[in-house]
Structure formats: C-alpha cells, structure tokens
Amino acid sequence: MELHDDAFWQGQFSRPAQRMGSAMTRELWKVAGRPGIISLAGGTPSPDLLPVELLRQVSDKVLREQGQRALQYSLTEGLPELREWIASRFAGATPDNVQITTGSQQALGLVAQTLLNPGDKVIVESPSYLGAFQAFNVSMPEYLAAPMDGDGLLVDELEPLLAQRPKFIYVLPNFQNPSGATLSLERRQKLVEMARAYRVPILEDDAYHYLSFDGVTLPTLYDLDHRLGGGNVIHTSTFSKTVAPGLRVAWVVGPKVAVGKICQMKQGSDSMTPTFSQLLVREVAPLIEAEFVPRIRAKYKLHCEVMLEALRQHLPLARYSVPKGGMFFWLELPRGINTLELLDAAVAQGTVFVPGSTFYPDGSGHHTLRLSFSNASPDNIRLGVERLGKAVESMAVTRP
Amino acid sequence: MTDFSKLFASRMQRVQASTIREILKLTAQPGFISFAGGLPAADLFPVAEMREASNRILETQGTVALQYSTTEGHPGLREWVARRMPGATIDHVQITSGSQQGLDFLGKLFMEKGAKIAVEAPTYLGALSSFNPYEPDYVSIPMDDEGMIPEALEAALKAHALRLIYVLPTFQNPSGRLMGLERRRVIVELGRKYGVPILEDDAYAELYFDGQPLPTLYALDHAQGGGNVIYSSTASKTLAPGLRVAWVVAPREVIAKLVFIKQGADLHTPTFNQMLVYEVLKDEAFFAGQIARVRSTYQRRRDWMLSALQRFMPEDMRWIVPQGGMFFFLSGAAGLDSMKLLEAAVAEKMAFVPGEPFFADGTGKNTLRLSFSSASQEQIEEGIKRLGKATHKLLGREVKE
C-alpha cells in the first residue's frame with residue numbers, strides 16, 4: 001500500500017492536470033495493436049514508405065563524419081543548416097523566423113503556452129485535430145467552434161467569432177485531420193484578410209501539405225499573408241508525413257517576435273530537439289520533393305481508391321466527400337447511430353476507427369467517424385471496411 | 001502588423017531571454033576559454049557503438065524505429081530503468097525527451113499560480129526555467145555543505161502548504177554538493193511526515209569519483225513503504241545528450257497523468273533514439289566500462305581544476321571539492337559581485353556562470369559555477385589563471401602568479 005491515494009494526488013495537481021485524460025482514445029490505441037485487429041484508426045504512415053535503407057546509410061554517415069556533434073547538446077532554436085533549408089522554402093523568411101520542434105505536436109503546445117491565459121478564446125474548426133486540443137488544454141482556453149463544409153472553414157461565418165477577440169485562429173487548410181477537407185483558394189484569401197483586419201493571428205497547421213493526390217497544392221496562409229505584408233500567420237509543418245514520424249522533427253515559421261518567445265518556451269520544455277534527428281532530416285531533405293513525395297502520393301491515392309470502392313460496397317448508409325489528398329475519410333452515418341457504440345461493435349468484428357465526437361470541441365458529432373487509409377495494406381483496407389459494414393448492420397439490426 | 005508583444009500570455013513575463021546567455025554568446029570567439037556550459041565531454045561519447053547500434057537497428061527493425069510509437073516509451077528501456085529502482089515496474093516509468101522535459105511535465109502537473117514549491121538555494125537553473133511558465137511561488141531552502149538543511153525544510157513544511165519538494169541530492173547542479181546518507185533519510189521522512197511529495201533530480205547519479213554511490217531518495221522512500229518520491233534521471237550524462245532520452249519513475253497516479261501530458265506535448269520521444277540508447281545500455285559490460293571512463297576522466301579534470309584554483313584564486317574564495325559531477329561552485333568574500341566578475345573575466349577571455357540565477361530568492365550574488373567536464377588540462381590551467389587575474393583585479397589586489 002503506497003503512502004497516498006488518488007484523492008491525495010488530485011489535490012496536489014494543478015487545475016489543467018486534474019481535468020486531463022480521455023481514456024477512450026488511449027484504450028482505442030491498445031485495442032488497435034491487438035493481433036487480428038485491422039486498424040483504420042491511426043494516422044500513421046504506411047511502413048513501406050519509410051526510407052529505412054536510406055536512413056541507415058545516412059545515420060552511418062552522420063555518426064562517422066560528425067558523431068560527436070550529433071550526440072552533443074545543440075541550440076534550442078535548432079540546427080542552423082536545417083533552419084536555413086526551411087526558411088528557403090517560405091517567401092520572406094530567414095532562419096530567424098524558424099524554430100525547430102519535436103514534432104508539430106510540440107509546436108502546437110508551445111504556441112498555446114506562449115499566447116494563452118486561462119479563459120482566452122481560440123477559434124478552432126469543428127471538427128478539428130484531436131491532438132491540438134490536447135496540446136492547447138494545458139493552457140485552459142475557451143474554444144469557439146467554427147463550422148466547416150467540404151471546402152473547409154466557412155469563412156463567411158467567422159465574423160461573430162472574431163468579434164469575441166480570440167487570441168488566435170487554428171486552421172488545418174490542407175486535407176484536414178479529421179475531415180479531409182481542403183480550404184479553397186478563395187476562402188484562404190478571405191480568411192487571411194479578415195484575420196489581418198481583426199488583428200487576430202492564424203496558427204496554420206500544414207502537416208499534410210505535400211499529400212495531394214494530383215500534385216496540386218494551394219498557396220499556404222503564410223504565403224498569402226506575406227503577400228499582404230506578412231506578420232500575422234504562425235505556420236507549422238513536419239517531416240513526419242514526408243520522411244518518418246519516429247524522428248520527431250518539425251518546425252514553426254512565423255514573425256520573429258513570436259518565434260523568439262516560442263524558443264524561450266521551448267528552452268524550459270525540452271532544451272532542444274535531438275541533434276541527431278535534425279542532422280538525419282537535413283541530410284535527406286533535398287530528396288523530399290523529388291523522390292519521397294511522388295511515392296507517397298501514388299501510394300495514398302491508390303489506398304484512397306481502394307477504400308472508396310470498399311465504402312461503396314459495404315457502407316451504403318455513409319455520407320462522405322472523396323478526399324483529394326491526406327490520409328482520411330470522414331464519414332457521417334445516419335443520426336441514430338452513435339459511433340462510440342459502433343466502436344464496440346467494430347472491435348467485435350475485428351476493426352477499429354476513431355469516433356468523430358473526439359474531434360469536436362463540444363463533443364458533438366456522435367454520428368461521425370474517421371477512417372485512415374494510410375497505414376493498412378489495400379487488402380486490409382477492403383477487409384477492415386467490410387468488417388465495419390458488418391458492425392453498422394449489427395447496430396441497425398439491434399436498434400429498436 | 002500584428003503586435004505579438006501585446007498578445008503574449010502573462011506567464012511570458014517569467015519566460016525571458018537571459019542576460020547571461022547573451023554574454024556567453026561572446027565566448028564563441030577563438031582563444032576564449034569557457035567553463036560556463038555544463039556540456040558533457042564529447043570525446044567520451046560512445047560514437048562507434050552508437051554507429052554500430054544504428055546500423056543494427058535499421059537493418060533489423062527499421063520500420064519500427066522510424067514509425068510512431070507508444071507515448072510511455074520503449075518497453076525494453078522502461079524495463080531497464082525499472083530494474084534499477086527498488087519496487088518499480090515498467091508501469092512506473094515514463095520516457096521523456098531529456099530530463100528537462102520531465103521537469104516541464106512535473107511543472108505542468110503540480111504547479112500553477114499560487115502553488116508553493118520548495119527548492120534548494122541554489123538549485124538547478126534549468127528547473128526554474130521549466131517551472132516558471134506555471135508561475136509557482138518558490139520557497140527557497142538554505143543548504144550547507146551536505147545539501148538542503150532539514151530544520152529549514154521542516155520550518156517551510158510547517159509554514160506553507162507545499163505541492164512539491166525539488167531536490168538534487170547527488171552532485172547538485174550548480175553546487176556540486178552530495179547529500180549524506182543520514183540527511184537523505186531525514187529529508188525522506190520529512191516528506192512523508194508532512195505528506196508532501198519529493199521530486200528527486202538525479203541526473204548526475206553515475207558520476208561519482210570516490211567512494212560508493214549512496215541510496216537514492218526513491219530507494220529510501222521505498223524502504224519506508226514508498227509512494228512519496230518522484231525520480232528523474234537521464235542518459236545524457238552517461239551516454240550522450242544529443243539523443244534526448246531520459247526518464248521519470250513515479251507512483252502510478254503520477255505516471256497516468258504524465259502519459260497524457262506527454263501525449264499532448266510531443267506524442268513520444270523519438271523511437272529511433274530510444275532504441276539506440278537501449279541497444280547501448282543493455283550491453284552491461286560496455287556500459288560499465290563507459291561509466292568508468294566518464295568517471296575517471298571527470299575526476300582527472302576536477303583534480304586539475306582544484307590544483308589551479310588553489311594556486312590562482314584569492315585566499316578568501318571558498319569551495320567544496322566535488323566528489324562527483326561536473327561543477328565547482330565558488331563563493332567569494334561578501335561584496336564580490338559575480339556579474340561584474342564575469343565582465344572582468346570576459347575581458348580576460350574566460351567565462352563562467354554567475355551564481356545568482358540559481359537562487360530562486362535572488363541571493364548568491366557572490367557565487368559562481370565552473371564546469372570542468374569538457375576542458376583540457378591546458379585550458380583549465382590557463383582559464384583559472386585568467387579567472388584569478390580578473391578576481392584579484394576586481395578586488396583591487398595583487399595578482400597571484
């Protein structure tokens with residue numbers, strides 16, 4: 001018997017920590033790892049896309065040529081050569097505009113901690129990335145949910161939310177996680193202008209930037225803002241979707257004042273992103289657009305087509321738009337079906353997905369769900385969707 | 001355009017660029033000798049073993065190493081950590097991206113405006129940087145040569161509802177002090193008696209030169225029934241800091257929350273790096289040899305620095321001889337201003353860290369920290385000579401040759 005019970009610890013914990021913890025998704029990942037379960041839940045890259053042999057050669061080279069540097073502490077800002085490479089890809093940016101982070105997950109948390117006092121308002125898309133809520137919640141904001149359609153955020157409905165003086169607007173403009181929606185060029189333009197007019201910064205999460213199936217990539221909000229004079233968009237993206245997520249290397253590009261503060265926050269958070277991981281990424285960075293991205297696009301496009309066909313066959317009740325990139329299908333089922341309950345039925349059939357309500361700041365969206373096609377093989381995608389179809393049927397049968 | 005300085009959260013007032021960091025940027029010039037950084041010696045990094053391990057891992061488990069992994073951390077590594085802590089299982093271990101991240105997480109978990117935290121005076125500056133964004137109030141506990149003074153801690157425990165007691169019992173950064181066994185027992189008992197958890201930062205645990213390691217506060221607490229000590233340590237001082245692999249060992253209620261905090265903070269520590277560290281640590285013979293090399297090298301460097309201090313520093317400058325770790329901590333005569341001394345030292349092309357920032361209560365103006373971990377004999381000799389010269393000059397005394 002240990003000295004303290006749970007109530008004691010709760011009493012010692014801070015308010016945000018007391019509230020923390022949604023057991024559902026953590027249980028979900030455990031189930032997803034069970035043998036025999038086909039997981040359509042995680043947004044993890046396909047294992048065959050990971051450049052294993054290349055990274056083996058590169059690791060060997062880095063440790064041979066600059067082993068002591070790779071294993072030593074380095075600057076909190078990130079390695080100069082990596083910041084330079086990233087800056088070169090953003091109009092008007094210099095290395096001083098770039099902060100390296102340990103995954104873009106860290107970038108979200110650092111931006112929130114830098115800007116948010118408890119009770120401050122943040123505009124988020126509804127639905128939005130689950131991990132962003134986890135990153136933001138530590139700073140105890142109040143969420144203002146902005147509605148979306150198949151072309152992303154409904155920019156025309158933003159005005160009343162902007163009038164409530166939020167601290168920032170969090171947007172995933174490309175192949176949004178979870179909805180798969182891409183913000184149209186016209187809406188991007190308008191969003192950037194409105195945000196400038198209201199002096200409310202945009203936090204642009206562009207993790208899926210390169211994952212368009214047809215190779216069409218719209219200008220970033222960062223770029224559109226830059227054309228208007230710049231200084232109002234903090235942009236984050238990552239090497240997790242293009243190189244490998246297990247390295248945990250991502251970045252923030254933004255106005256110098258903001259990036260400087262984010263760096264000071266990072267210093268106390270984890271000192272720096274691993275030197276070794278940054279060196280590996282820098283070595284392979286020139287290959288991303290020429291070699292990695294075309295392979296990734298072709299593969300995910302194929303996976304998406306396979307899933308579409310399977311959905312047509314096994315889930316006639318579901319409504320969805322066909323994604324033009326990214327890793328996800330977003331499904332709306334008939335309103336009577338609660339996808340939290342459906343998850344249990346799906347586990348019984350041998351597949352898992354992520355229930356949609358976890359992506360809504362207000363916990364609504366009970367009839368929605370997210371399916372990922374990035375990680376499973378085409379055969380498993382077909383089988384997983386078939387199992388999901390059976391789970392939906394079993395719900396429909398048992399429902400009074 | 002947007003004036004971000006008006007948008008920053010109020011916590012950012014306690015998150016500022018340090019003037020010392022700015023001064024230390026000057027030390028990158030050629031000919032400069034710096035004892036400021038607490039960097040482990042790069043020539044001791046097991047580069048060849050890491051290289052072999054990296055080839056092995058990517059040849060046999062490449063898709064695992066490069067993929068997302070569980071938030072708690074690599075099971076083998078957690079198991080390795082748990083085995084060294086009495087009573088701990090894998091479920092008591094969370095892997096973090098450096099022990100700095102562990103400190104930040106414990107800040108998120110225990111601290112908020114008005115929360116009172118006991119810290120040693122002086123304490124680890126990096127911990128204060130981790131804790132500051134959560135805006136706690138520090139209660140500074142004075143130390144003697146054996147560490148935190150128990151009577152002072154007990155007085156603080158009586159006077160305040162403390163959330164946490166933060167202690168570095170072994171070769172403390174910055175003071176180099178080692179808390180004795182009896183003192184350890186008393187501190188653990190005080191924590192239990194008043195029901196205030198202890199955070200034990202044991203980053204320098206393996207770096208003892210003479211004698212035998214003392215039991216951790218975690219182990220002493222376990223002997224009393226356990227559950228009141230949260231333990232933090234790292235692979236940064238024994239293997240290499242550039243991989244950012246460290247761990248927290250704690251009661252399950254604490255680990256359960258740390259997992260959520262970690263998930264929100266960065267999902268997990270890089271998979272590949274955890275596998276690399278595990279691959280090298282689990283080779284017991286190699287790891288024992290590695291630690292022995294680090295110990296003997298640092299001990300030699302300490303001896304060089306001690307001898308130079310005795311020769312070049314004024315008689316009234318005090319220090320204890322560290323029995324391990326990476327630092328000498330010097331106290332000057334009252335009236336010595338170590339910020340002014342730093343300016344004088346920089347003029348002589350040498351640098352150190354003034355002690356004041358390590359004191360949460362703003363005292364310690366007459367103290368300074370010198371790191372001996374990565375300097376050569378010549379650098380130590382020449383650097384301390386320059387420091388001695390700067391000190392004598394500042395005090396208006398004749399320079400010792």
Side-chain angles (χ1 to χ4, degrees), chain A residues 2-4 6 9 12-15 17 20-21 44 47 50 52 55-56 59-60 63-64 67-68 70-74 102-103 105-106 109 113-117 134-135 137-138 167 199 201 229-232 244-248 255 257-258 261 264-265 267-271 274-277, chain B residues 1-2 4-5 7-10 12 15-17 39 42 45 47 50-51 54-55 58-59 62-63 65-69 97-98 100-101 104 108-112 115 129-130 132-133 163 192 197 225-228 240-244 251 253-254 257 260 263-267 270-273:
Chain A
E2 287 188 338
L3 186 61
H4 305 302
D6 200 54
W9 288 111
Q12 295 296 107
F13 293 158
S14 67
R15 279 172 305 152
M20 213 170 265
T44 52
L50 298 169
V52 175
L55 279 169
R56 191 195 62 74
S59 298
D60 191 76
L63 289 170
R64 197 174 60 236
Q68 292 191 2
L71 299 179
Q72 185 57 287
Y73 285 109
S74 53
T102 310
Q105 186 68 30
Q106 185 185 44
Q113 281 191 287
T114 304
L115 293 175
L116 298 177
N117 288 316
Q134 292 170 332
N137 283 346
V138 177
K167 271 294 181 70
R199 294 261 191 286
N232 199 43
L247 300 175
R248 315 299 303 124
V257 190
K261 277 290 170 193
Q264 287 167 18
M265 235 3 263
Q267 211 178 337
S269 295
D270 67 353
S271 308
T275 321
F276 182 48
S277 319
Chain B
M1 184 50 211
T2 311
F4 272 92
S5 61
L7 292 175
F8 292 137
S10 56
M12 297 315 284
V15 183
Q16 299 284 347
L39 298 189
F45 295 161
V47 175
M50 286 288 175
R51 199 176 135 212
S54 113
N55 278 306
L58 291 173
E59 269 158 22
T63 55
L66 300 180
Q67 188 59 279
Y68 287 113
S69 56
S97 300
Q100 189 72 34
Q101 186 178 55
D104 172 61
K108 283 186 170 79
L109 184 51
F110 285 95
M111 300 177 201
E112 60 198 313
S129 319
S130 286
N132 279 341
R163 292 280 183 93
R192 295 181 71 85
N228 200 47
L243 299 172
R244 314 303 299 129
E253 292 88 345
V254 172
K257 288 288 182 184
F260 284 115
Q263 201 175 12
D266 65 358
L267 302 181
T271 322
F272 185 29
N273 299 11

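Order of the sequence lines sets the chain letters (A, B, ...), proteins ahead of strands, with each chain counted from 1. This one's a predicted model, so the numbers in the text were calculated from it and none came from an experiment.
- Atom CD in Gln267(A) sits 8.0 Å away from atom CD in Gln100(B) (nearest 0.5 Å).
- Between Pro245(A) and Gln67(B) there is a side-chain heavy-atom pair separated by less than 4.5 Å.
- Using a 4.5 Å heavy-atom cutoff, the side chains of Thr2(B) and Pro255(A) are not in contact.
- Note that CD of Glu253(B) is 9.5 Å distant from NE2 of His4(A), once rounded to the nearest 0.5 Å.
- Heavy-atom distances place the side chain of Val138(A), and not its backbone, under 4.5 Å from chain B.
- For the pair Gln12(A) and Pro197(B), the tightest heavy-atom approach, listed with the atom from each and the gap, is NE2-CD, 3.5 Å.
- Summarising the geometry, atom CG belonging to Asn55(B) is positioned 4.5 Å from atom CG belonging to Asp60(A); distances are rounded to the nearest 0.5 Å.
- The heavy-atom pair separating Ser97(B) from Asp270(A) by the smallest distance is O-CB, 3.7 Å.
- Within the model, atoms CE of Met50(B) and CZ of Phe276(A) stand 9.0 Å from one another, a figure rounded to the nearest 0.5 Å.
- Separating the NZ atom in Lys261(A) from the CZ atom in Phe8(B) is a distance of 6.5 Å, to the nearest 0.5 Å.
- Distance check, rounded to the nearest 0.5 Å: OG1 of Thr114(A) to CG of Leu7(B) gives 11.5 Å.
- Chain A forms the most heavy-atom pairs under 4.5 Å with one residue out of Ser129(B), Ala240(B), Pro270(B), and that residue is Pro270(B).
- In this structure, Pro241(B) and Gln72(A) approach most closely via the heavy-atom pair CG-OE1, 3.2 Å.
- Both the backbone and the side chain of Ser10(B) come within less than 4.5 Å of a heavy atom in chain A.
- Heavy-atom distances place no part of Ala115(B) under 4.5 Å from chain A, backbone and side chain included.
- The nearest pair of heavy atoms linking Leu66(B) to Leu50(A) is O-CD2, 4.0 Å.
- The minimum heavy-atom distance linking Leu58(B) with Val52(A) is given by the pair O-CG1, 3.2 Å.
- For the pair Tyr68(B) and Arg248(A), the minimum side-chain heavy-atom distance is below 4.5 Å.
- Interface remark: of the candidates Asn228(B), Asn273(B), Asn132(B), Asn228(B) forms the most heavy-atom pairs closer than 4.5 Å to chain A.
- Looking at every heavy atom in both residues, Met265(A) comes nearest to Met12(B) through SD-SD, 3.9 Å.
- Put simply, the side chain of Pro201(A) reaches to within 4.5 Å of the side chain of Phe4(B), judged on heavy atoms.
- Contacts between Thr102(A) and chain B at a heavy-atom distance below 4.5 Å involve backbone atoms as well as side-chain atoms.
- Contact annotation for Ala258(A): both backbone and side-chain heavy atoms come within less than 4.5 Å of a heavy atom of chain B.
- Counting heavy-atom pairs closer than 4.5 Å to chain A, the top residue among Thr63(B), Asp104(B), Leu109(B), Asp266(B) is Leu109(B).
- For chain A, the nearby part of Pro133(B) is the side chain; its heavy atoms alone come within less than 4.5 Å.
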